[in-house]
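Only one structure is covered here, and it is reproduced in the block below.
Computed from a predicted model, the values in this text were never measured in an experiment. Atoms within a ligand are numbered from 1 in the order they appear, just like the ligands themselves.
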Amino acid sequence: LIGNGPAWMRERLETEFTVHPLPPEAERAAFLADKGAAITACCTFSGIATEVMDALPNLKIISSYGVGYDSIDADHAAKRGVIVTHTPNVLNDEVADTAILLWLATSRKLVAYDRYVREGRWLKEGAAPLTTSPEGRTVGILGLGRIGQAIADRLGVFGATVVYHSRTEKDVPYTFYPDLVEMAKACDVLICITPGGAGTKHIVNAEVIDALGPQGILVNVARGSVVDETALVKALQEGRLGGAGLDVFEFEPKVPEALFAMENVTLQPHVGSATHETRRAMGELVCDNLSQYLKDGRVLTPVPECAAIAKV
Ligand code: NDP
């Protein structure tokens, strides 16, 4: 067991497995030398370092909590014959709602105006300045996968024109942009919802941010690594980007302090899927993958890299 999960999950796992929590760094080598060979399955809330994976010679399955698995070398696991599973789909609606919340809150200054009321500024300064309507905008989705599609499904009620950029074109009624900069130029709002990792590192760079422009809003519910945070902060400071709604950051839980005073920025502590209901569904799926594997060697939701070695 790697990382901290809810008590009910540990209780459920203990009914079927002998559970060994991975101890802190200082005690890790001794633990792995003692127990490493006995461990066949891993449940993780925070990925797994490749050295730890390789210190478990009889490991067969890694069941990871979350749909993103950029903190697990899944290619390496597949080569070793270790199946990695994750928790797709059960969180689509929650994360899509978070993206919409961040966009609306940023464009209507929800958090800044909440502060305006609490600080007594409404009384002292009168009506707050006007904001920009989210209605009828062109919204670009970077990564039209499971969650990206759930975001697109929500955009109709705002009269939005949906466009997207992914690695491949999809059979959908939205315009595909093979070039992200070109899409950003066409957009009022850019919502990032790709996986993290090397393939997407800083794909939202200074050029993309400038293409989005001084009226544009960037929403990031993907991974902090997807956006060049230094370029983002600079663009906001210089008024070259209209606003940002951010759930994820490059060096979590560190968030650039320059953002704290900005009224056109909405910040969340990586809580895209963090409701009781959705986290419960994710936890059940993590346990279900392990239980199924124990029962008959099949799994429910392997990551694509392990599709060839997993029985479903
Ligand atoms: P999917 O795999 O269904 O979708 C990912 C999309 O990203 C696909 O459309 C894919 O394109 C696209 N993509 C991948 N690499 C690139 C690239 N280099 N350039 C452009 N597009 C790319 O994943 P999900 O929708 O289920 O999840 C997406 C991500 O959301 C997760 O990996 C995770 O990082 C993040 N997430 C964040 C949460 C939060 O709390 N903020 C919660 C849950 C997820 P193609 O189809 O063409 O391959």
Side-chain angles (χ1 to χ4, degrees), residues 45-47 64-72 74-75 84-103 105 140-154 162-172 174-184 187 190-205 207-208 218-228 244-250 252-253 255 266-283 285-286 300-307:
F45 296 92
S46 53
S64 180
Y65 184 82
V67 68
Y69 51 96
D70 40 315
S71 48
I72 300 174
D75 285 317
V84 179
T85 65
H86 64 154
T87 62
N89 293 319
V90 292
L91 42 62
N92 293 353
D93 289 337
E94 216 70 72
V95 182
D97 288 350
T98 304
I100 300 292
L101 274 169
L102 281 169
W103 164 41
I141 299 178
L142 168 56
L144 194 74
R146 290 172 291 250
I147 303 170
Q149 182 61 58
I151 294 170
D153 293 344
R154 285 156 170 72
V162 179
V163 299
Y164 73 102
H165 170 75
S166 281
R167 288 176 297 194
T168 53
E169 190 169 358
K170 322 278 172 209
D171 182 18
V172 289
Y174 321 122
T175 302
F176 172 62
Y177 279 86
D179 186 286
L180 179 55
V181 173
E182 288 307 311
M183 181 169 88
C187 283
L190 175 62
I191 301 181
C192 307
I193 188 62
T194 60
T200 55
K201 187 168 164 69
H202 289 188
I203 56 172
V204 177
N205 55 19
E207 196 186 357
V208 173
L218 178 75
V219 172
N220 189 7
V221 284
R223 284 287 182 269
S225 58
V226 170
V227 176
D228 179 342
L246 307 170
D247 184 47
V248 288
F249 303 88
E250 264 198 278
E252 292 172 11
V255 175
T266 312
L267 304 171
Q268 289 283 284
H270 198 151
V271 288
S273 66
T275 62
H276 292 295
E277 296 83 353
T278 293
R279 288 290 171 88
R280 178 87 200 188
M282 289 163 63
L285 187 50
V286 166
L300 305 171
T301 48
V303 301
E305 289 86 340
C306 297

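Nearest heavy atoms, Cys306 versus Ala74: SG-O, 4.1 Å.
One distance of note links NE2 of His270 with OG1 of Thr98; it measures 9.5 Å at 0.5 Å rounding. Atom CG of Leu285 is separated from atom OG of Ser64 by 10.5 Å, given to the nearest 0.5 angstrom.
Residue contact check: Val95 has heavy atoms under 4.0 Å from atoms 42 (C), 43 (C) of ligand 1. Each of the atoms 45 (P), 46 (O), 47 (O) of ligand 1 lies under 4.0 Å from some heavy atom of Lys170. Less than 4.0 angstrom separates some heavy atom of Thr200 from each of these atoms of ligand 1: 15 (N), 16 (C), 17 (C), 18 (N). Atom numbering of ligand 1 starts at 1 in the shown order; those under 4.0 Å from a heavy atom of Ser273 are 40 (O). Of all atoms in ligand 1, listed by their number and element, those nearer than 4.0 Å to a heavy atom of Thr168 are 45 (P), 46 (O), 47 (O). In summary, the atoms of ligand 1 found under 4.0 Å from a heavy atom of Gly143, numbered by their order in the structure, are 6 (C), 7 (O), 9 (O), 12 (C). Residue Leu144 approaches ligand 1 through these ligand atoms, each under 4.0 Å from one of its heavy atoms: 9 (O). Proximity to His270 (heavy-atom distance under 4.0 Å) selects the following atoms of ligand 1: 39 (C), 40 (O), 41 (N).
Of the candidates Gln149, Arg146, Glu94, Arg146 brings a heavy atom nearest to atom 3 (O) of ligand 1. Closest heavy-atom approach to atom 32 (O) of ligand 1 among the candidates Pro195, Gly224, Ala222, Pro304: Pro195. Closest to atom 10 (C) of ligand 1 by heavy atom, among Gln268, Arg167, Arg223, is Arg167. Between the choices Ala198, Pro269, Gly145, the shortest heavy-atom distance to atom 4 (O) of ligand 1 belongs to Gly145. Counting heavy atoms only, Val221 comes closest to atom 38 (C) of ligand 1 of the residues Val221, Asn220, Ile193.
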*Dump the intermediate steps for side-chain hydrogen bond (donor to acceptor under 3.5 Å, both in side chains) on Glu94 and Ser273, then the final yes or no.*
CA-CA 5 Å; Glu94 216 70 72; Ser273 66; over 6 Å; no
*Check against side-chain hydrogen bond (donor to acceptor under 3.5 Å, both in side chains), Tyr174 and Gln149*: CA-CA 11 Å; Tyr174 321 122; Gln149 182 61 58; 3.2 Å; yes
*Quick one: do Tyr65 and His86 satisfy side-chain contact (heavy atoms from CB on, under 4.5 Å)? Show the steps, please.*
CA-CA 6 Å; Tyr65 184 82; His86 64 154; over 6 Å; no
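The protein atom (non-hydrogen) at minimum distance from atom 18 (N) of ligand 1 is Gly199 O, 3.2 Å. Protein heavy atom at the shortest distance from atom 29 (C) of ligand 1 is Thr194 O, 3.4 Å.
Applying the side chain to side chain donor-acceptor pair (under 3.5 Å) criterion to Asn205, with sequence neighbours excluded, gives no partner residue. Contacts of Arg154 classified as side chain to side chain donor-acceptor pair (under 3.5 Å), with partners at least two apart in sequence or in another chain: Asp93, Asp97.
Between Ile147 and ligand 1, an N or O atom pair is found at a separation short of 3.5 Å. Residue contacts with ligand 1: Val67 is placed with no nitrogen or oxygen under 3.5 Å of a nitrogen or oxygen of the ligand (distance criterion only). Annotation: Ser166 places an N or O atom under 3.5 Å from an N or O atom of ligand 1; distance criterion only.
Within a 6.0 Å sphere centred on CD of Glu207, heavy atoms belonging to other residues, nucleotides or ligands number 12 at most.
Ring planes of Tyr164 and Phe176: tilted class, angle from 30 to 60°.
For the side chain to side chain contact (heavy atoms under 4.5 Å, CB included) test with Ile191, the passing option among Leu142, Ile151, Asn220 is Ile151; the others fail.
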